[in-house]
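The block underneath contains the structure these notes are about, expressed in structure tokens.
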Amino acid sequence: MVVASRFLLSQSVRRVALLRNPGCSVPSWYVRTLSTAPQPVAPKVVIDRYSSIHDYATERLPNDVNERNALFQEEESREMSGITATVRHDWTKQEIADIYSLPFHELMYHASTVHRMYWDPSEVQQCTLLSIKTGGCTEDCSYCSQSTRHKTFVKPTPTMKVQEVLEAARRAKEAGSTRFCMGAAWRELGNKKNAFNHILDMVRGVNAMGMEVCCTLGMLTAEQAKQLKEAGLSAYNHNLDTSPEHYPKVISTRSYEDRLQTIANVRDAGISVCCGGILGLGEEEKDRVGLLHVLATLPEHPESVPINALVAVEGTPLGDADEIHRVDAFDMARMIATARIVMPRTMVRLSAGRMSFSHAEQFLMFQAGANSIFNGDKLLTTANPEFDEDQAMFQKFGFKGKPAHKGPLVAPAETTGQVIITKVEAKHEQCA
């Protein structure tokens, strides 16, 4: 059996090759782009194949997603229990549709196996989301209670004071949350300089508590993303919501391209990207596949993908629509499972809508590959399970929370040699 030290040797060989040939050029297919079209695939040469007996210096991987991914840049695939998984960016819609359409029992087996190849399934990240500025948004998102275009129960409020937000973060930390997310009902930050300075102070304050910090503030410029990174922001949430084709039926005040540009600005600043969607927007299954296709063909997969079930709010177009199909546990599990298979190293977050699912139904979603949740009694303006209820659920399932500012645990299946890993050397590395 070949042990994992071969990986270290192959890394050394690669570094020597680059030192000998510093002028080795990067081919055009390797250049980063916003395009979601599949890129040409470079020829690959298998350089190692082995059972993955754990040989890392620590039981945890790096917390920084870029550092983590760099460890596996030569990894082609993983195999376990008859299932092969790979991190790809050239998925076709048909390939994803074929996975999504698998018989449910086969899909669950496939996703659960992939999850165990890359993650410790007992570790779940706990995030808390606080609305720091509620209502008064000028967007026309047809699902949102905070839009000025819809008559809902939500009344506009000013931005919370810095100390109020930091006190909420302290309570969340005491309850077990390790990532604190702050949301503001804005189309974009724009020229809100005073409000932005307060948000930077909030980010610094939460970061100083030892918690990871996430924001969702609408569209960002590259400079704003850079300032948030410097303040200590860990992640930025900016959902695509649905497929490019269905999107215009849901929102008209912000384009799909606007959202992709914000995601690019965030990633260029070195901030982890949190980007997912919502089920229950009147979409068809092909739109759910379309959303996953966009996410899975980005130049880099998001660090986390939240999967939300629409919480219908009276007064919104979708909340008042009788013909909208209610999202059930099988819809959520199928979407989570497909996301897990096509983006194996991405954290999949069970997000809005959890209040409508029993513990048994939520366990189905964790088995499908979810490994992160939002906890706390409210998600922006909609109800969410209480902290104590989630802790009881974790105890029932045998789960433990992921610590803040620490990378994920190495998968137990990897440490015990159950996973077969194939490594390759791509053409741009063959410079010696």
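Here the side chains of M117 and I83 are in contact, with some heavy-atom distance below 4.5 Å. Between E389 and R354 there is no side-chain heavy-atom pair separated by less than 4.5 Å. A 4.5 Å side-chain heavy-atom check between T422 and T86 finds every atom pair outside the cut-off. Counting only heavy atoms from C-beta outward, the side chains of F72 and V87 never approach each other to under 4.5 Å. Two residues are said to be in side-chain contact when any heavy atoms from C-beta on lie closer than 4.5 Å; N63 and K402 meet this criterion. Using a 4.5 Å heavy-atom threshold, the side chains of L166 and V206 count as touching.
Panel note: side chain R267, backbone T262; no donor-acceptor pair is recorded below 3.5 Å. Panel note: side chain N308, backbone G277; a donor-acceptor pair is recorded below 3.5 Å. R349 contributes no side-chain N or O that, together with a main-chain N or O of S372, makes up a donor-acceptor pair within less than 3.5 Å. Judged by distance alone, with hydrogens and angles left aside, the side-chain atoms of N237 form no donor-acceptor pair with the main-chain N or O of T216 at under 3.5 Å. Between the side chain of R254 and the backbone N or O of C141, no donor-acceptor pair lies under 3.5 Å. In this structure, N371 contributes its side chain and M347 its backbone to no donor-acceptor pair below 3.5 Å.
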Table please: side-chain donor-acceptor pairs of residues 102-112 below 3.5 Å, with sequence neighbours left out.
{"residue": "Y109", "atom": "OH", "partner": "S81", "partner atom": "O", "Å": "2.7"}
{"residue": "S112", "atom": "OG", "partner": "R116", "partner atom": "NH1", "Å": "2.7"}

Residues 208-215, side-chain donor-acceptor partners within the protein, below 3.5 Å, at least two apart:
{"residue": "E212", "atom": "OE1", "partner": "R179", "partner atom": "NE", "Å": "3.0"}
{"residue": "E212", "atom": "OE1", "partner": "R179", "partner atom": "NH2", "Å": "2.9"}
{"residue": "E212", "atom": "OE2", "partner": "H405", "partner atom": "N", "Å": "2.9"}

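Taking the salt bridge (charged side-chain N to carboxylate O under 4.0 Å, His left out) definition, one finds that R68 meets it with nothing, sequence neighbours left out. By the side-chain contact (heavy atoms from CB on, under 4.5 Å) test, D241 pairs with Y143, N239, I251, R259, I278, L281, sequence neighbours left out.
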Would K406 and E123 count as a salt bridge (Lys or Arg N to Asp or Glu O under 4.0 Å) if you check the C-alpha gap in whole Å, the side-chain angles of each, and the deciding distance to 0.1 Å? CA-CA 12 Å; K406 291 184 182 291; E123 185 173 68; over 6 Å; no
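By the 6.0 Å contact criterion, NZ on K400 is enclosed, its count of non-hydrogen atoms from other residues, nucleotides or ligands being greater than 12.
Nearest heavy-atom pair, D287 versus S243, reported as atom, atom and distance to 0.1 Å: OD1-OG, 2.7 Å. Here the shortest heavy-atom pairing between G369 and V348 reads O-CB, 4.0 Å.
Using cut-offs of 30° and 60° on the angle between ring planes, the pair Y247 and Y256 is perpendicular. Taking the six-membered ring for Trp and thresholds of 30 and 60 degrees, H238 and Y236 have ring planes inclined between 30 and 60 degrees apart.
Side-chain contact annotation: Q418 with T416, donor-acceptor N/O pair under 3.5 Å present. No side-chain donor from either of Q73 and N69 sits under 3.5 Å from a side-chain acceptor of the other.
Look at R88 and E95 and you find a salt bridge, because one of the NZ, NE, NH1 or NH2 atoms lies within 4.0 Å of a carboxylate O, short of that distance. Ionic pairing of E167 and R170 is present here: one or more N-O contacts between side-chain nitrogen and carboxylate oxygen are shorter than 4.0 angstrom.
Applying the salt bridge (Lys or Arg N to Asp or Glu O under 4.0 Å) test to residues at least two apart or on different chains, none of the pairs has a partner in residues 219-230. Within the structure, the side-chain hydrogen bond (donor to acceptor under 3.5 Å, both in side chains) test picks out the following pairs touching residues 273-285 (sequence neighbours left out): E283-R288.
Relative to the ring axis of Y118, R78 places its NZ or CZ within 45° and under 6.0 Å from the centre.
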